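All values reported here derive from a predicted model rather than from experimental measurement. Proteins come first, then strands; the chains are lettered A, B, ... in the order of their sequence lines, and each starts at number 1.
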Amino acid sequence: MIPCLDVADGRVVKGTRFVDLEDAGDPAELAARYARAGADEIVYLDISAAADRRGTLLDLVERTARQTFVPLTVGGGVRSPAEMKAVLRAGADRVAVNTAAVVDPALITRCARRFGRQCVVVSIDARSSAGSPRRWDVVIRGGRDTTGLDAVDWARRAVHLGAGEILLTSIDRDGTRTGFDIPLLRAVTAAVDVPVVASGGAGGPGDMVEAIVEGGADAVLAASIFHRETHSIASVKQALAAAGVPVRSVPAAP
Amino acid sequence: MTRVALIDYGAGNMVSITHALERVGADVRVATRAGDLVGADAIAVPGVGASGPAMRRLRRLGLARAIPAAVSDGALYLGICLGMQLLFERSEEDGADGLALLGGIVRKIPAAPRLPHVGWNELEHVGVHPVLEGVPERAACYFVHSYSAEPADRSAVVAVTEHGGRFPSVIASGRLVGVQFHPERSGAEGLRILANAVRLAARG
């Protein structure tokens with residue numbers, strides 16, 4: 001169970017289909033709260049456009065590592081092994097690459113060789129292809145540009161190049177709380193042998209169960225349902241456990 | 001306050017380990033040379049990656065000798081992930097020699113369904129040791145590794161974890177403690193294990 005915090009200029013924001021952003025608080029504070037509540041990992045996706053975002057993001061990662069003792073994955077704007085190193089040194093465990101990997105696929109291999117494939121997450125934003133119900137296009141730059149890549153092919157290739165994990169977001173479902181895109185998940189989880197994290201569309205515990213049981217996802221990511229406290233991490237974990245999905249129980253803090 | 005020398009040899013997430021040790025009350029000093037170990041109650045050896053480069057760096061910094069010397073003077077060795085593997089004589093990974101504070105070798109996890117083994121997995125207690133005090137049976141911790149230790153003396157194994165086969169996830173022998181997972185990334189249970197290690201390190 002992975003809460004995702006979209007951050008821009010050091011704040012949490014959450015929009016629907018990558019637009020209509022609204023401020024949802026301090027990321028480090030939210031991350032620590034989620035970790036104590038039983039989150040198995042925290043994901044930050046930096047969507048800010050500001051030129052000085054690197055410094056702000058590194059500062060945020062470091063502040064988070066001080067108080068959050070579960071794995072932290074950070075994505076957004078990393079274009080080189082040197083930038084990845086800076087994010088890892090600040091306290092992240094993994095780095096997600098998206099647009100930069102599409103533009104320069106060899107980046108995946110360079111980062112995997114240097115830091116180990118378990119550090120390299122390839123984040124794929126997929127949108128259902130017009131006129132073709134079982135095909136999805138890879139989109140980049142926050143869903144603004146299409147790439148001509150098929151999402152399933154790209155996932156397979158990314159793993160071949162060294163990705164240790166795929167973070168798969170359905171742009172059609174993102175922020176809609178209408179459930180994950182199960183056919184998309186199935187297609188990708190059948191194509192790759194690394195963990196796939198389902199993202200985009202979580203509306204409630206039933207959706208999470210479906211993503212894992214039907215979609216074959218190894219973990220589920222959600223943002224708005226947790227930020228708005230529509231559902232607690234504990235209630236989602238209870239639903240997963242009741243459906244026979246192994247979940248980590250949440251111990252009390254020492 | 002228990003003083004922990006945290007070995008920095010350019011491999012591993014120093015930020016998270018520092019903060020986690022501080023959270024459980026340790027006075028953490030980053031150590032990059034032999035002199036930094038003077039007066040330390042515990043020596044925390046983190047690390048990710050392969051044994052060969054790690055040992056080369058430890059030798060170059062004079063730490064490959066200074067660490068065993070400090071342990072024989074009574075400091076507690078806390079090995080985390082690769083730091084646990086370095087306790088042993090040799091790794092199959094690149095044929096590298098370890099610190100050889102314990103007999104045994106490091107091998108690729110046998111019969112693993114997927115490598116590296118990344119994620120939360122459970123500890124099965126097979127021994128009783130104060131480092132696991134207050135940690136319930138089947139507590140989940142966070143792992144990232146492909147190799148695991150095979151101690152010659154099985155009585156040093158305190159907990160095992162299953163990933164295909166079973167491998168030692170917590171070992172303890174005298175002043176040597178090793179954990180194959182990342183306690184600094186294992187939530188409340190990880191902090192409890194670090195707190196136990198820091199308590200064990202305190203010299204009466």
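Contact between Ala90(A) and Val15(B) at its shortest, heavy atoms only, is O-CG1, 3.7 Å. Closest non-hydrogen pair, Phe69(A) versus Ser16(B), comes out as CE2-O, 4.2 Å. For the pair Gly91(A) and Arg185(B), the tightest heavy-atom approach, listed with the atom from each and the gap, is O-NH2, 2.8 Å.
Contacts of Ala20(B) with chain A are made by both backbone and side-chain atoms, with heavy-atom separations under 4.5 Å. For chain B, the nearby part of Thr68(A) is the backbone; its heavy atoms alone come within less than 4.5 Å. Only the side chain of Arg94(A) comes within contact range of chain B, with at least one heavy atom under 4.5 Å from a heavy atom of that chain. For chain B, no part of Ala219(A) is nearby; none of its heavy atoms comes within less than 4.5 Å.
Contacts between residues 190-200 of chain A and chain B, defined by a heavy-atom separation under 4.5 Å, are made by Asp193(A), Val194(A), Pro195(A).
The number of heavy-atom neighbours closer than 6.0 Å to CZ of Arg114(B), taken from other residues, nucleotides and ligands shown, is above 12. More than 12 heavy-atom neighbours from other residues, nucleotides or ligands sit within 6.0 angstrom of CZ on Arg114(A). Under a cut-off of 6.0 angstrom, the local environment of CZ in Arg90(B) is sparse, with at most 12 non-hydrogen atoms contributed by other residues, nucleotides or ligands.
Atoms CD and NE2, from Glu62(A) and His19(B) in turn, are 5.5 Å apart once rounded to the nearest 0.5 Å.
Residues Arg23(B) and Gln67(A) have side chains in contact (heavy-atom distance under 4.5 Å, counting atoms from C-beta outward).
A donor-acceptor contact shorter than 3.5 Å links the side chain of Trp120(B) to the backbone of Asp40(A).
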